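Here's the structure, in structure tokens; my notes come after.
None of these values were measured; they are calculated from a predicted model.
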Amino acid sequence: MPDDLTLPPRPDFFPAPGGALPQHWSKCFGCGDDQPAGMAMTFTAGEGLEVSGRLTVAQRYQGGPGVIHGGILSVAFDEVQGMACMVLGGPVVTGHLEIDFARPIPLGSVLEFRARIDGMVRRKVYTSAEARIVEGPTAGDTVVATSRGLFLTIKPEHFAPMADFVDGVPVSPFGTSSL
Ligand SMILES: CCCCCCCCCCCCCC(=O)SCCNC(=O)CCNC(=O)[C@H](O)C(C)(C)COP(=O)(O)OP(=O)(O)OC[C@H]1O[C@@H](n2cnc3c(N)ncnc32)[C@H](O)[C@@H]1OP(=O)(O)O
């Protein structure tokens with residue numbers, strides 16, 4: 001990470017710690033409630049710049065026998081770190097995402113993710129996150145996976161070339177941007 005990072009303020013529009021975060025897009029595969037094939041993750045504001053997310057590891061997320069697929073875990077980390085960027089009040093996209101898979105995660109587990117912005121420079125937003133199993137046979141305080149992300153703030157026009165392919169009507173979660 002660069003040395004000259006700054007941290008954004010926590011804005012007034014952001015929910016108080018423990019408050020639910022709105023979906024960023026109802027059709028999102030990770031969190032949308034209008035996406036039947038999706039992962040239906042839910043998110044809560046934490047202290048400071050932290051957010052937490054929950055994922056129930058459904059049978060259909062199986063990769064190796066009995067365990068979560070690594071790609072599904074990657075989606076969850078992408079999503080929770082993207083949601084941590086919600087404090088910025090405008091859209092971001094993932095530029096880089098890395099995951100360390102530390103422990104097997106059995107199907108049926110409930111995972112809790114915690115993520116935060118570690119710093120920003122220009123349009124680059126550096127994030128990190130970790131996951132623990134909070135329900136299931138191997139639940140405990142052990143960190144089962146960690147991630148680092150780089151998100152880029154974008155102008156709403158970023159998605160304009162995709163207008164012909166959108167399934168649904170995007171809206172701004174806090175009314176702070178056109179996405
Ligand atoms: C309230 C509002 C709600 C919002 C809610 C959001 C929730 C979201 C939750 C959703 C979760 C799901 C989210 C998803 O899944 S988002 C879907 C997956 N991601 C994408 O589709 C993004 C595709 N990529 C692009 O569009 C462009 O490449 C982007 C926009 C990322 C950059 O192209 P752009 O032309 O704009 O920028 P630039 O090239 O001038 O680069 C600018 C700076 O960035 C640095 N750089 C760039 N790439 C990388 C890299 N890979 N590693 C390291 N550094 C990188 C670069 O060196 C430069 O640095 P510097 O010169 O300044 O030092």
Side-chain angles (χ1 to χ4, degrees), residues 1-2 20-46 49-88 91-120 123-154 158-159 162 165-168 170 173:
M1 286 203 294
L21 288 176
Q23 294 165 37
H24 66 91
W25 167 217
S26 64
K27 293 280 190 176
C28 172
F29 178 74
C31 67
D33 64 1
D34 193 15
Q35 184 53 273
M39 290 165 50
M41 290 185 75
T42 55
F43 298 95
T44 307
L49 297 177
E50 193 158 274
V51 305
S52 61
R54 286 222 164 193
L55 173 70
T56 300
V57 184
Q59 299 286 322
R60 68 181 189 277
Y61 300 159
Q62 188 161 210
V67 297
I68 193 172
H69 194 292
I72 292 288
L73 195 57
S74 304
V75 173
F77 272 123
D78 192 10
E79 191 73 23
V80 71
Q81 288 170 95
M83 293 297 281
C85 295
M86 263 193 167
V87 295
L88 302 175
V92 295
V93 288
T94 321
H96 178 82
L97 185 70
E98 57 190 54
I99 318 282
D100 285 309
F101 301 91
R103 295 280 186 279
I105 298 171
L107 301 181
S109 304
V110 177
L111 288 169
E112 184 182 84
F113 297 84
R114 291 194 186 172
R116 77 287 307 166
I117 292 178
D118 294 318
M120 292 185 67
R123 294 171 48 218
K124 298 190 289 188
V125 189
Y126 291 85
T127 61
S128 59
E130 60 281 334
R132 293 178 176 80
I133 299 173
V134 292
E135 287 177 36
T138 60
D141 203 37
T142 303
V143 171
V144 294
T146 58
S147 178
R148 286 188 178 277
L150 173 67
F151 289 77
L152 276 291
T153 61
I154 48 160
H158 175 89
F159 294 109
M162 307 299 150
F165 315 114
V166 176
D167 169 30

Might you work through the side-chain contact (heavy atoms from CB on, under 4.5 Å) test for Leu55 and Tyr61, ending with a clear yes or no? CA-CA 11 Å; Leu55 173 70; Tyr61 300 159; 4.0 Å; yes

Derivation of the side-chain contact (heavy atoms from CB on, under 4.5 Å) call for Arg132 and Val143: CA-CA 5 Å; Arg132 293 178 176 80; Val143 171; 3.5 Å; yes

side-chain contact (heavy atoms from CB on, under 4.5 Å) assessment of Val166 paired with Trp25: CA-CA 12 Å; Val166 176; Trp25 167 217; 4.2 Å; yes

Could you walk me through whether Met86 and Val51 pass side-chain contact (heavy atoms from CB on, under 4.5 Å), step by step? CA-CA 9 Å; Met86 263 193 167; Val51 305; over 6 Å; no

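Expressed to the nearest 0.5 Å, how far CG of Leu21 lies from SG of Cys31 amounts to 10.0 Å. With values rounded to the nearest 0.5 angstrom, Thr44 atom OG1 is found 10.5 Å from Arg114 atom CZ. Considering CG of Asp118 and OG1 of Thr127, their distance stands at 7.0 Å, rounded to 0.5 Å. To the nearest 0.5 angstrom, Thr153 atom OG1 is 11.0 Å from His158 atom NE2. One distance of note links CG of Leu150 with CZ of Arg148; it measures 12.0 Å at 0.5 Å rounding. Residue Ser74 holds its OG atom at 9.0 Å from CD1 of Ile72, rounded to the nearest 0.5 Å.
With a 4.5 Å cut-off on side-chain heavy atoms, Val144 and Leu73 do not count as touching. Between Gln23 and Cys28 the shortest side-chain heavy-atom distance does not fall below 4.5 Å. The shortest distance between side-chain heavy atoms of Ile105 and Val67 does not fall below 4.5 Å. Contact of the Gln81 side chain with the Ser147 side chain is registered, since non-hydrogen atoms from C-beta on lie closer than 4.5 Å. Here the side chains of Phe151 and Ile117 are not in contact, with every heavy-atom distance at 4.5 Å or above. Using a 4.5 Å heavy-atom threshold, the side chains of His96 and Lys124 count as separate. Residues Thr146 and Ser128 fail the side-chain proximity criterion, which asks for heavy atoms closer than 4.5 Å.
Nearest heavy-atom pair across Val75 and Met39 is CG1-SD, 3.6 Å. Between Gly66 and Gln62 the shortest heavy-atom distance is N-OE1, 2.6 Å. Here the closest non-hydrogen pair linking Ser109 and Pro106 is OG-O, 2.6 Å. When all heavy atoms of Val80 and Gly53 are compared, the pair lying nearest together is CG2-N, 4.0 Å.
In this structure a side-chain-to-backbone donor-acceptor pair under 3.5 Å is missing from Glu112 to Val134. At distances below 3.5 Å, not a single donor-acceptor pair connects side-chain atoms of Arg123 with backbone N or O atoms of Leu152. Under a 3.5 Å cut-off, the side chain of Ser26 and the backbone N or O of Gly32 do not form any donor-acceptor pair.
The salt bridge (Lys or Arg N to Asp or Glu O under 4.0 Å) search around Glu50 returns Arg116, not counting sequence neighbours. Considering only residues two or more places apart in sequence or on other chains, Phe77 meets the ring-ring contact (aromatic ring centres under 6.0 Å, His included) condition with Phe113.
In the displayed structure, Arg103 atom CZ is contacted under 6.0 Å by at most 12 heavy atoms of other residues, nucleotides or ligands.
Contacts classified as salt bridge (charged side-chain N to carboxylate O under 4.0 Å, His left out) and involving residues 57-84 (residues at least two apart or in different chains) are not found.
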